[in-house]
Asks: 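Let me give you the structure first, and then I'll get to my questions.
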Amino acid sequence: MNRSFKIFRSSYPLIFLIFLSSAISQNKYHSYDEMVKAIEVAVSSHKDIAKVESIGQTIEKRDIWVVTIGGKDADSRHAVLIVGGAEADRLIGGELTLRFIEFLTAGYGKVDSITQLVNTATFYIIPRVSPDASEAFFRKPLYARTMNARPTDDDKDTSIDEDGFEDLNGDGLITLIRVKDNRGEWIPHPDDPRVMKKAETSKGEQGIYKLFTEGIDNDKDEQWNEDEPGGVDFNRNFPHNYQFFSRGTGPYQISEPETKAVADFCFSHANIAVVFTYSSNDNLMNPWKKEPRQGPPQEEQRTPRRRMIDDEEFAPRLVTSVMDGDEEYTSYVSSKYQEITKLKGAPQSTKGEGAFNEWTYYHFGRWSFAANPWWIPEIEQKKDTVASDSAKMKRQEDKKGPGGDEKVDVRKGKSPEEKPDEYADQLKTLKWIDANKMDEAFIPWAKISDKDFPDKEVEVGGFKPYVTTNPPGDSIEVIALKQNSFLAWLGTKLPKIEIRNVRVEPIGGKVFRLTTDIANTGYLPTNSAIGDKARWSRNVRVTLNLSKHQSLGSGKTNIILEPIKGNGGRQEITWLIVSSPEESVTITAESPVAGSATQTVTLK
């Protein structure tokens, strides 16, 4: 096991006590104002290592706060950027960043491993990047909002924000309405009638309901709630794989005050080596894999520009999968995340469209990791009764073909019935709700009168907003302990430059050969492969400082190195220097993401 992880694990009892006694550690979600107060409390008592500043303001005049932890020289050290709230309806990410702030500030000076971490690395922490959208969690009626407050004509009818949600049954929640209608496409799910599923006519099913989100057709266009107030989704407004003219993506890339503030912060802090985002675009439980890409035939002689003009499939394309040189590192970090957090059974992650964590890798060129810290857990099933055994045997018989052999899908090696149910997540959620007696988490279907459907049977019901994306408040602290341990471990894996094996060899007269190794003693390389390609992340620069009486016979006074692998990776540099004996030269190696090292050498 990694030594740094062992050190942190040995400190768990003390860390746990400090964490539970902290001001932020409460079993609740914080409104914007409560979040600001919690940050102020944590920072004000640790001004020697922490500061807070606004990097921008939203349309509704809320500040976007960043907390810097690392002391007075924080901006000159290699750093980790931690972002919460990239998806505004997943408030758990912001809560976890608050608790990491407290983890570092409360532990500094009390826990040796945390003190050493803060003294050697910088953490930039943005708890809530889209506070206008996240604040919907604390308002009535409650609905899961991901958009900021930009007025937007979502349905392109020249009216803006004219058809939002209404609370038809007065329970303070926006759920669903189902309307009994033989023209409908929906039916109750056979495994649990609380779930609505689309009828499959190929299986003899016939729809009996129409299904809408709860509200009124305000603009009488036969669409319900298609133009809610706002806006633009922070996690769909970044350039990588940006979807033009799509709902929630904005008028253009980085069009919003929230996305611009965060992007500007990134570009103004060249010392950011790693970006960690709480997001469902997870690549720690579902690590990125290099995707094969067909290239042109070996005999192809045309230039990429010529192939692009010819509009062939081999024309230059965007990089959309992890680079070869990066995959081994992202896979290892993923394995350590799973080892430290002990999380299992994560839902599959899909590629983002304008997602922040993918932009920070493919465009910003940094090591980028994203974690979905919580999902609906599996409920252990009780042992089958005799009746259920009979039902299971019948299902197995149904899977057999005419000859008694199981029907097998040759392409997948599975029987057709094993295809995942697209409503499986909803069914699993209901089992979890029932097992934990969370009666308020699902609103039972109940009849109401609806002026849009005066002659129809209309019912309101469905999942309470945010239930499937955020854990109960009393689970936050346990989740935070696991995530904090991983983030602390990640902070010890940043690249670190050292000057090693300096050798001086007299050649004759006033000529000396100076040779040295520039080594990386951290785990991560000094630059990712994508960073080297994107050229936003700076490679290591080596400078040889000479006096006015000295000159170079060969070599350069300024050298930009190729990325240096971690764990002792090195690059050797040699100079021929014309100098009087016993004079000195100074070697400096520096990189914003890997620190700096300086050594003075006497020529003799």
Side-chain angles (χ1 to χ4, degrees), residues 8-9 12-13 15-32 34-35 38 42 82-104 106-107 125 127-128 134-138 142 144 173 276-280 282 284-286 337-347 349 370-380 425-443 463-489:
F8 278 106
R9 192 174 68 171
Y12 277 2
I15 292 173
F16 184 75
L17 290 174
I18 292 172
F19 188 61
L20 290 184
S21 63
S22 69
I24 290 177
S25 296
Q26 303 169 22
N27 294 327
K28 61 172 289 184
Y29 288 90
H30 293 73
S31 68
Y32 175 80
E34 291 171 336
M35 178 197 74
I82 301 171
V83 171
E87 294 156 313
D89 60 337
R90 294 177 179 266
L91 279 83
I92 180 60
E95 294 299 322
L96 294 175
T97 61
L98 282 179
R99 284 150 179 83
F100 188 62
I101 293 169
E102 186 67 25
F103 173 83
L104 294 178
I125 305 167
R128 199 166 288 175
S134 294
E135 201 65 6
F137 183 86
F138 306 96
L142 182 69
L173 309 174
F276 177 89
T277 310
Y278 283 114
S279 169
S280 64
D282 153 59
L284 287 173
M285 295 300 293
N286 296 280
Y337 177 82
Q338 294 176 40
E339 175 188 336
I340 292 170
T341 62
K342 296 184 172 18
L343 293 173
K344 295 179 180 179
S349 176
N372 179 6
W374 182 84
W375 52 86
I376 299 293
E378 294 284 352
I379 299 299
E380 291 186 7
D425 287 342
Q426 294 185 50
L427 295 170
K428 183 174 80 169
T429 301
L430 285 171
K431 289 179 181 178
W432 173 71
I433 288 171
D434 294 342
N436 289 280
K437 297 181 171 51
M438 300 167 60
D439 297 335
E440 75 288 350
F442 186 91
I443 312 306
F463 292 101
K464 181 181 178 181
Y466 298 97
V467 159
T468 60
T469 53
N470 294 279
D474 58 8
S475 301
I476 298 175
E477 309 308 332
V478 173
I479 297 171
L481 283 170
K482 296 178 180 180
Q483 299 296 324
N484 290 347
S485 297
F486 170 75
L487 289 173
W489 174 86

Asks: Tell me whether the rings of Phe442 and Phe463 are parallel (<30°), tilted (30 to 60°) or perpendicular (>60°).
Replies: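 Perpendicular.
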Asks: Please tell me if the side chains of Trp432 and Met438 come closer than 4.5 Å, counting only heavy atoms from C-beta onward.
Replies: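 Touching, per the 4.5 Å side-chain cut-off.
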Asks: For residues Pro127 and Ile101, report the shortest heavy-atom separation together with the two atoms involved.
Replies: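 Here Pro127 and Ile101 meet closest at CG-CD1, 4.2 Å.
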Asks: Check whether any side-chain heavy atom of Trp374 sits under 4.5 Å from a side-chain heavy atom of Ser475, and report yes or no.
Replies: no
Asks: Can you sort out the partners of Tyr32 under ring pair (Phe, Tyr, Trp, His ring centres under 6.0 Å), two or more places apart, ordered by chain and number?
Replies: none
Asks: Salt bridge or not for Glu378 and Lys428, using N-O below 4.0 Å?
Replies: yes
Asks: Are side-chain heavy atoms of Tyr466 and Leu142 found at a separation under 4.5 Å?
Replies: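 Yes, side chains in contact.
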Asks: Less than 4.5 Å apart, any side-chain heavy atom of Val83 and any of Ser279?
Replies: no
Asks: Assess whether a salt bridge exists between Glu477 and Lys482, defined as any Lys/Arg side-chain N lying under 4.0 Å from an Asp/Glu carboxylate O.
Replies: no
Asks: Classify the ring geometry between Phe486 and Phe276 as parallel (under 30°), tilted (30 to 60°) or perpendicular (over 60°).
Replies: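 It falls in the tilted class, 30° to 60°.
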Asks: Checking Thr468 now: which residues fulfil side-chain contact (heavy atoms from CB on, under 4.5 Å) with it, not counting sequence neighbours?
Replies: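 Per chain and number, Thr468 pairs via side-chain contact (heavy atoms from CB on, under 4.5 Å) with Thr429.
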Asks: How far does CG of Leu91 sit from CE of Met35, to the nearest 0.5 angstrom?
Replies: 10.5 Å
Asks: For the residue pair Tyr337 and Gln483, confirm or rule out a side-chain donor-acceptor distance under 3.5 Å.
Replies: yes
Asks: List the atom of Leu284, the atom of Ala371, and the distance in Å for their closest heavy-atom pair.
Replies: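 Closest pair (atom of Leu284, atom of Ala371, distance): CD1-CB, 3.9 Å.
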Asks: Check ring pair (Phe, Tyr, Trp, His ring centres under 6.0 Å) between Trp375 and all other residues, then give those that pass, not counting sequence neighbours.
Replies: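 Once residues adjacent in sequence are excluded, Trp375 has no partner under the ring pair (Phe, Tyr, Trp, His ring centres under 6.0 Å) criterion.
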Asks: Quick check: do Ile82 and Leu487 have side-chain heavy atoms less than 4.5 Å from each other?
Replies: yes
Asks: Does any part of the side chain of Ser349, heavy atoms only, come nearer than 4.5 Å to the side chain of Met285, both counted from C-beta?
Replies: no
Asks: With distance as the sole criterion, is a donor-acceptor pair present between the side chains of Glu135 and Ser31 under 3.5 Å?
Replies: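 Short answer, no.
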